[in-house]
J.: 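Encoded as structure tokens, here's the structure I'll be asking about.
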Amino acid sequence: MAEEKKDTRGGARPGAGRPKGINKPYKSFAVTLPVEYIDKIKDAADKHGLSVSKFIQEAVDKYEQ
């Protein structure tokens with residue numbers, strides 16, 4: 001009796017796709033800045049242990065008041 005081989009082509013991969021359970025809509029936003037400002041933003045985000053996106057969100061929240 002020959003053993004059947006499992007077809008592993010195609011199909012969803014574990015962990016692939018967008019995370020489930022996010023209730024807020026997201027939208028991308030592109031900004032053109034001088035290189036030194038991009039470096040400053042990335043460095044500041046890293047210094048605070050945040051992603052660039054989260055760092056910008058917190059900065060906007062801080063100055064929105």
J.: Under 4.5 Å between any side-chain heavy atoms of Asp46 and Lys42, yes or no?
T.: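 No. Closest side-chain heavy atoms not under 4.5 Å.
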J.: Nearest 0.5 Å please: distance from the CG atom of Asp39 over to the CG atom of Leu33.
T.: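 Nearest 0.5 Å value for the CG-CG distance: 11.0 Å.
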J.: If you measure from NZ on Lys54 to NE2 on His48, what distance do you get to the nearest 0.5 Å?
T.: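 That separation rounds to 13.5 Å.
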J.: Only counting residues at least two apart or in another chain, list the ones meeting side chain to side chain donor-acceptor pair (under 3.5 Å) with Ser51.
T.: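 Applying side chain to side chain donor-acceptor pair (under 3.5 Å) to Ser51 gives none.
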J.: Would you say Phe55 ends up clustered with Phe29 if hydrophobic residues are merged whenever their side chains have heavy atoms under 4.5 Å apart, either directly or through other cluster members?
T.: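 Yes, same cluster.
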J.: Taking atom CG of Asp43 and atom CD1 of Ile38, what is their separation to the nearest 0.5 Å?
T.: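 Those atoms lie 11.5 Å apart.
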J.: Are Val31 and Val35 linked, directly or through intermediate hydrophobic residues, by side-chain heavy-atom contacts shorter than 4.5 Å (ILVMFWY only)?
T.: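 Cluster IDs for Val35 and Val31 differ.
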J.: Hydrophobic cluster membership, with links at side-chain heavy-atom distances under 4.5 Å among I/L/V/M/F/W/Y: are Val52 and Tyr63 in one?
T.: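 No; Tyr63 is not reachable from Val52 via cluster members.
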